[in-house]
Q: 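This is the structure I have questions about; it appears just below.
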Amino acid sequence: MLGRSEMITQLMQYGHSKDVLDKMQTMELEHLFKQNSKARITDYLEAVKQNEVVEIAAEDSTSYIEREVGNIYYAISGEIVNFASLYDAIEKIFDQYGLNEAIELVLAQSSDKRYRQMTQIVEIAYRAYQEALLAEIERLCEFYPPQERFEQMKFYGSRRGDVAFLRRSIQTMRLQNNQESLSRIAQQKFAIIHDYYPDIMYENYEGYYENDEEKDAIIERIMALTGAYKRPQLKTKKFQILKHMERVLLEDKEREKEEKALIKQYIKRVGETITQEDELMFGEIIKEALKVLDERDVQYIVEHFDISNSPLILQRYNIIMRDNRPK
């Protein structure tokens with residue numbers, strides 16, 4: 001279970017008043033948080049169950065392909081190839097056929113002398129068509145959390161060879177109700193994992209976190225915090241390890257900042273007691289400093305002053321430092 005402040009932060013994001021939450025007992029917060037969690041998970045599962053995605057009926061392919069094959073014939077039958085019409089017809093054929101079938105259809109309309117040229121044209125058109133379809137799918141996923149969008153693109157990228165499937169997916173996703181429904185499901189899934197199961201974030205989105213862009217970003221932040229690592233060395237580490245390193249370095253930096261502020265504060269206070277030759281107050285301040293600072297930091301503070309000319313202060317300092325060390 002999250003801590004009190006984290007629960008309040010999460011609940012505020014979903015419409016609960018901070019004033020009301022601050023007045024609630026921790027047990028009451030936990031109960032409300034569990035209710036909120038259950039409701040959101042139920043909403044997500046219901047959305048997945050209903051999955052209001054409308055399928056697009058496929059067009060009769062026979063007349064469709066005959067028409068485009070005819071367009072290909074007219075585009076390449078003359079002395080000069082009409083490349084605009086050729087590419088347009090080839091692209092439409094990809095809606096029903098893969099690369100090899102498309103090549104066969106084009107070559108069946110071509111003279112022998114153009115076989116090589118036509119084969120290369122179909123292959124180029126096929127690669128461009130694949131990338132255009134994937135780019136359109138990514139645009140349709142623009143409102144997904146980036147982790148979810150990455151996973152979707154990994155899936156569709158693995159199906160790049162099935163251009164008919166990609167095209168049908170785009171047609172389905174383009175419908176207004178479908179796009180809203182799919183985006184909502186993706187957002188709910190991510191929010192549930194992020195808010196309630198943060199320990200499995202990496203497991204669910206490993207591909208996203210291990211991609212070069214994300215790793216490079218965190219490596220840049222680590223190198224800005226410390227010069228102890230070289231980029232190639234960091235590049236070999238898993239994202240989870242890099243994230244832990246960054247967190248430790250940030251904590252160290254914050255701790256160092258706090259220690260510097262404390263040291264500055266204690267230098268001032270110790271200096272005042274030495275000036276007043278108040279060995280009792282000097283001793284209390286040294287004991288207090290040892291509770292929040294390392295011994296070497298306390299030594300550093302006292303080294304700012306010459307206490308050898310103050311026997312009582314020197315004696316008290318030596319006794320306190322001796323008693324502070326482990327027996």
Side-chain angles (χ1 to χ4, degrees), residues 1-13 16-30 32-33 195 198-199 217-231 233-234 237 239-327:
M1 180 61 69
L2 299 177
R4 179 182 176 86
S5 62
E6 292 171 315
M7 284 191 289
I8 289 174
T9 300
Q10 294 288 2
L11 289 167
M12 284 173 57
Q13 292 178 1
H16 295 279
S17 166
K18 186 176 188 307
D19 291 338
V20 173
L21 295 172
D22 284 338
K23 294 174 183 176
M24 293 175 69
Q25 298 291 325
T26 300
M27 288 183 63
E28 293 176 310
L29 279 174
E30 290 177 357
L32 179 61
F33 187 82
D195 294 348
D199 291 344
I218 195 169
I219 286 172
E220 287 297 328
R221 296 198 298 270
I222 289 173
M223 294 184 69
L225 290 168
T226 178
Y229 303 98
K230 300 294 184 183
R231 187 181 300 275
Q233 180 185 2
L234 293 172
K237 298 184 183 299
F239 183 87
Q240 274 186 312
I241 301 299
L242 294 173
K243 195 69 178 174
H244 175 73
M245 290 171 63
E246 182 187 25
R247 183 168 61 251
V248 171
L249 288 168
L250 287 171
E251 289 172 355
D252 287 346
K253 186 175 182 180
E254 185 61 29
R255 190 182 306 113
E256 183 181 353
K257 181 179 177 182
E258 292 174 357
E259 287 175 353
K260 285 182 177 179
L262 285 171
I263 289 171
K264 184 177 180 180
Q265 173 189 329
Y266 280 112
I267 287 174
K268 182 175 183 296
R269 293 176 63 189
V270 167
E272 290 173 351
T273 60
I274 292 175
T275 300
Q276 297 168 8
E277 297 186 351
D278 187 343
E279 73 274 12
L280 294 177
M281 182 57 68
F282 170 84
E284 291 304 311
I285 292 174
I286 294 299
K287 289 177 183 178
E288 181 185 317
L290 285 168
K291 292 178 182 179
V292 293
L293 294 170
D294 291 338
E295 182 177 310
R296 69 174 183 275
D297 292 327
V298 175
Q299 291 174 340
Y300 171 78
I301 290 168
V302 175
E303 285 171 359
H304 278 73
F305 310 98
D306 183 7
I307 61 173
S308 60
N309 295 324
S310 304
L312 292 177
I313 287 179
L314 177 59
Q315 181 183 33
R316 185 162 294 274
Y317 172 70
N318 289 333
I319 291 171
I320 291 172
M321 298 302 284
R322 183 191 63 204
D323 292 343
N324 183 66
R325 297 189 180 100
K327 299 294 189 286

Q: To the nearest 0.5 Å, how far apart are CD1 in I320 and CD in Q315?
A: 10.5 Å
Q: What's the shortest heavy-atom distance between H16 and L21, and which atoms?
A: CB-CD1, 3.8 Å
Q: Distance check, rounded to the nearest 0.5 Å: L262 atom CG versus D297 atom CG?
A: 9.5 Å
Q: Rounded to the nearest 0.5 Å, what separates atom CG in L242 from atom CD1 in I222?
A: 4.5 Å
Q: Could you grab the distance from atom CD1 of I286 to atom CD1 of I319, nearest 0.5 Å is fine?
A: 13.0 Å
Q: Surrounding CZ of F239 (heavy atoms of other residues, nucleotides or ligands, distance under 6.0 Å), is the total greater than 12?
A: yes
Q: Using a strict 4.0 Å threshold on nitrogen-to-oxygen distance, state whether K257 and E254 make a salt bridge.
A: no
Q: Quick test of your reading of the model: are E272 and K268 salt-bridged, counting only N-O distances below 4.0 Å?
A: yes
Q: Are more than 12 heavy atoms, taken from residues, nucleotides or ligands other than M281, located less than 6.0 Å from that residue's CE atom?
A: no
Q: For the CD atom on Q25, are there more than 12 heavy atoms of other groups (residues, nucleotides or ligands in this structure) within a distance under 6.0 Å?
A: no
Q: From F282 CZ over to F305 CZ, what is the distance, rounded to the nearest 0.5 angstrom?
A: 9.0 Å
Q: How would you list all residue pairs meeting side-chain hydrogen bond (donor to acceptor under 3.5 Å, both in side chains) that involve residues 276-293, not counting sequence neighbours?
A: Y266-E288, R269-E288
Q: A side-chain contact here means heavy atoms from C-beta on lying under 4.5 Å apart; do H304 and V270 qualify?
A: no
Q: Could you measure the distance from the CD1 atom of I285 to the CG atom of L290? Nearest 0.5 Å is fine.
A: 12.0 Å
Q: So, do V248 and M245 sit near enough that their side-chain heavy atoms are less than 4.5 Å apart?
A: no
Q: Do L293 and I301 touch side chain to side chain, with heavy atoms closer than 4.5 Å?
A: yes
Q: Looking at every non-hydrogen atom in both residues, tell me the closest pair between K253 and L225 and how far apart they are.
A: CD-CD2, 3.8 Å
Q: What verdict does the salt bridge (Lys or Arg N to Asp or Glu O under 4.0 Å) test give for K260 and E256, after you've listed the backbone C-alpha separation in whole Å, the side-chain angles of each residue and the deciding distance to 0.1 Å?
A: CA-CA 6 Å; K260 285 182 177 179; E256 183 181 353; 3.5 Å; yes
Q: What I'd like to find out is whether the side chain of R231 reaches to under 4.5 Å of the side chain of E220, using heavy atoms alone.
A: yes
Q: State whether D19 and K23 are salt-bridged, where the test is any N-O pair (Lys NZ or Arg NE/NH1/NH2 against Asp/Glu carboxylate O) under 4.0 Å.
A: no
